[in-house]
Amino acid sequence: MEYNFKEIEKKWQDYWEKNNSYKTKEDSNSPKFYVLDMFPYPSGEGIHVGHLKGYVATDIVARMKRAQGFNVLHPIGWDAFGLPAENYAIKHGIHPEITTAKNISNIKRQMKSAGLSYDWERELNTTDPEYYKWTQWIFLKLFENGLAYKKLLPINWCPSCKTGLANEEVVDGKCERCGTETGKKDIDQWVLKITDYADKLLEGLDDIDWPEKIKEMQKNWIGRSEGWEIKFSIGSKEISVFTTRADTLFGCTYLVIAPEHPLINELEFKNKEEVLEYIDRAKNKSERERISEVKDKTGVELKGIKAINPVNGKEIAVFVADYVLYHYGTGAVMAVPAHDIRDFEFAQKYDLEIIEVINGKNKKEGTAFIEDGTLFNSGDFDGLNSEEAREKIGEFLRKKGKAEKKINYKLRDWVFSRQRYWGEPIPIIHCEKCGMVVVPENELPVKLPYVEKYQPTGTGESPLAAISEWVNVKCPECGGEAKRETNTMPQWAGSCWYYLRYLDNNNNKEIFDKGKEKKWMPVDLYVGGAEHAVLHLLYSRFWHKFMYDLGIVSTKEPFYSLRNVGLIMAPDGQKMSKSKGNVIPPDIIIDEFGADTLRCYEMFMGPFDQSIGWNPQGVKGVYRFLIKLWEIFSECQNEKSSKEVIAETHKLNKKVSEDLSKMKFNTPIAFFMEFMNFISERKEELGKEEIKRVLVLLSPFAPHLCEDLWEKMGNKTSIMIEKWPKPDLNLIKEETVSLVVQVNGKVREKMDINVGTSKEDAEKMAKENERVKKWVDGKEIVEVFFVQDKLINIVIK
RNA sequence: GCCGAGGUGGCGGAACUGGCAGACGCGUAUGCCUUAGGAGCAUAUGCCCUUGUGGUGUGAGGGUUCAAAUCCCUCCCUCGGCACCA
């Protein structure tokens, strides 16, 4: 019988849809399993085979978990706000709502044609007012709790997207979206106080099962460091510096302050002109220039003034230099050239004093010694180790009112407003009398007005500002003239909490039902690309932890277990992209080989989290395997299997179950192939029960084919409701094994022995073996090593 | 520079707790079938040689061990992230 995948796949996709096979059973008493994909942006190109890789993996897990008796929640939705739809609208004059809807229906078709088992009744869309009503609601909660504020800030500005960006959205000085070099711009911005959650975000990482890589990236991004803030006096003024190395304080030979530091305006020094010129130049440097000049440090001394080192009263010079960052710590540092690489470089260039105060064994000439060690040249603190000295010196100064313990973070608050059209309006009203007033909860959502012109203004104002009938409103408090906030929320807002809305997506009274939240959270398995490590995955943890503090959610973390899907590269080895023209859409593969082949191939390519190139020949190999399986299974007439076939089937069962539970998808396919290679030699030994077992095991990978063979075998109900089989370990037990015989660690013979043969018997057999004899005879046997049922190693001299 | 992951045939990759390296697939070769094949089937396939009961082999070098892809040390390379964070 021919494997007609087109007919089969159509037939069963229709069947599953008609029978609501993917619907989540809300009333079930079974244990829950929430398996989630990072939801896609509905782009005009649709999805390619790379996107599908993660979706297929979660689908396999979802199908297996259902069979294992779990009540599985496996939803999907659309992260549909964002620039591409808006830019498309600007170019073609078609409203984003229309293009988005069109794109969604296309991707939905692609997903269905791949046999993905999503519960479509829970589909959601971030641009749906019924959804973003609650995004706005969470924003109001943040605002009411002092975690959202508006401030005039020099922020990252993308001149191409004409909008402000968060720190996390600037990669290598370029816009994460479009790659344009970013600049700085002073705009009145909404900012979320993610820094208030820095410690909680750090601590939470210990409780979740995430890839080490992502955890490390988040840790580094948050960048917590403990140290001391130390006051130096400059004439009648004081300046604070932050240091993690209070132990090196006696080696401090000058101070450096950032060009933006306000104290510069208050100090009287001789070379004012020179300094102001330097500051001016520093301000005009772009992000890129600052990065590329890391090696060449520049600075200017403030002539005629000195700072006093509080620990020994020593007078030291003061510099302005742009290697000190204003936004970190206090914007000023104490320079210890002997024990800090940057200070060392600077001191060498400007010929400044270098005083060593720490001794240690890895110390080298001609460079700074940055490790901990033992103090010297440090007065009463000589002989202490660095760790003790930090405490003692800090404490000594604290008593004199010159120092304080301090923790600093690299993490900065989240710039949350965008000057673009296609995003959630920020539900705030500006009233001249009352100031910033929240839109009352019963007036949510603040709907995005339908407009003809989307062009960003580029002035730092949103295009919404031009729609006067939308902007001008009555103040909800005093009833006077007021204006709406015209900035919109960033791309990331909607994805911060969507996993919660799936639990109860039609609730129009509250954000979601508490009982449902308790039942389903946290997400048990979350799958997506690693590119969101410090964007979506950090932002959503922040919102979640905030909602936890408010008692809205019951878990501290949203995603218990996270796995990253590796990219699929184009056959040319490059990343798939529209501009390179190397994108492979799933449609053409499904058309030529079927969805089951596509699914199996994507899993077979290699380890799930690794990026691997697409190989058109490899697809054919998997296709051949499925055809072979189809033909052998559909032609089988036997009732019973032979003992060997039964054993092999249970072994397969064991290996597939084990590897799937470890998120290994490539090896199970290999096991199925191995099994079929074994069976094709002994077709007449294969019986119905074993076919059934294999079909259930294979059905998460190739659901259409398995369902069809299942039916052809006379089953009246869907394979989807079959229980995941458990291997019978007794059937797997072998009676004999092949024992490897080594002489001096080299394999010289293999002997079939009974399982459980003793060392003595095995040794005797080995010594009597002709081939072994040739290596051993006439030599002195020093020792014999024996590993039960595996190996014997005879060591000779 | 720092952090993380990794380096196994011509290619993608297997290998439990140290115990037969190269499963499975691709490619290649030869043969069969075919009017034809970029279809199908069969067999072979790490490398080397003097073709054996041989040698050698998991980035390089060293070590531990009866035994190392796996453990330890030194180094090299690739990928991802951060990048003057005091």
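Residue numbers begin at 1 in each chain, while the letters A, B, ... track the order of the sequences.
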From CG of A:Leu411 across to P of B:C82 the rounded distance in Å is 14 Å

Sequence neighbours excluded, the answer for ring pair (Phe, Tyr, Trp, His ring centres under 6.0 Å) partners of A:Phe786 is none

B:G22 glycosidic conformation (syn if within 90° of 0, otherwise anti) is anti

Between CG of A:Leu538 and P of B:C82 the distance, given in whole Å, is 13 Å

Item to check | Short side-chain donor-acceptor distance under 3.5 Å, A:Ser225 and A:Tyr328 | outcome: yes

Determine all donor-acceptor pairs shorter than 3.5 Å in which one atom belongs to a side chain in residues 750-760 of chain A; sequence neighbours excluded.
| residue | atom | partner | partner atom | Å |
| --- | --- | --- | --- | --- |
| A:Thr757 | OG1 | A:Asn754 | N | 3.4 |
| A:Thr757 | OG1 | A:Asn754 | O | 2.5 |
| A:Ser758 | OG | A:Asp761 | N | 3.2 |
| A:Ser758 | OG | A:Asp761 | OD2 | 3.4 |
| A:Lys759 | NZ | A:Val784 | O | 3.0 |

A:Asn220 CG to B:G81 C1', in whole Å, measures 8 Å

Applying the Watson-Crick and G-U criteria (both distances under 3.5 angstrom) with [ ] for crossing and | for other-strand pairs, one obtains for RNA chain B (((((((..(((......[....)))((((((.......))))))((((..).)))..(((((..]....))))))))))))....

_A:Glu238 with A:Lys402: basic N within carboxylate O range, under 4.0 Å_ = yes

In whole angstroms, the gap separating P of B:G1 from CD1 of A:Ile341 amounts to 10 Å

Of B:G80, B:A86, B:C82, the nucleotide closest to the side chain of A:Trp221 is B:C82

For A:His48, the ring pair (Phe, Tyr, Trp, His ring centres under 6.0 Å) test, sequence neighbours excluded, returns A:His51

Residues 596-617 of chain A vs salt bridge (charged side-chain N to carboxylate O under 4.0 Å, His left out), sequence neighbours excluded, gives A:Asp59-A:Arg599

| said: Does B:A86 have OP1 or OP2 under 4.0 Å away from a side-chain N or O of A:Tyr328? | reply: yes

Given protein heavy atoms under 4.0 Å, the one-letter contact record of nucleotides 12-30 of chain B, with B base, S sugar-phosphate only and - none, is simply BSSSB--BB--BBSSS---

Donor-acceptor pairs under 3.5 Å, side chain of residues 660-668 of chain A to any protein atom, not counting sequence neighbours: which ones?
| residue | atom | partner | partner atom | Å |
| --- | --- | --- | --- | --- |
| A:Ser661 | OG | A:Glu658 | O | 2.7 |
| A:Thr667 | OG1 | A:Asp659 | OD2 | 2.5 |

With sequence neighbours left out, the residues meeting ring pair (Phe, Tyr, Trp, His ring centres under 6.0 Å) with A:Tyr197 are A:Phe542

With sequence neighbours left out, the residues meeting ring pair (Phe, Tyr, Trp, His ring centres under 6.0 Å) with A:Tyr601 are A:Trp614

Per nearest nucleotide of RNA chain B, the residue lying toward the 5' end, A:Thr330 or A:Asn744, is A:Asn744

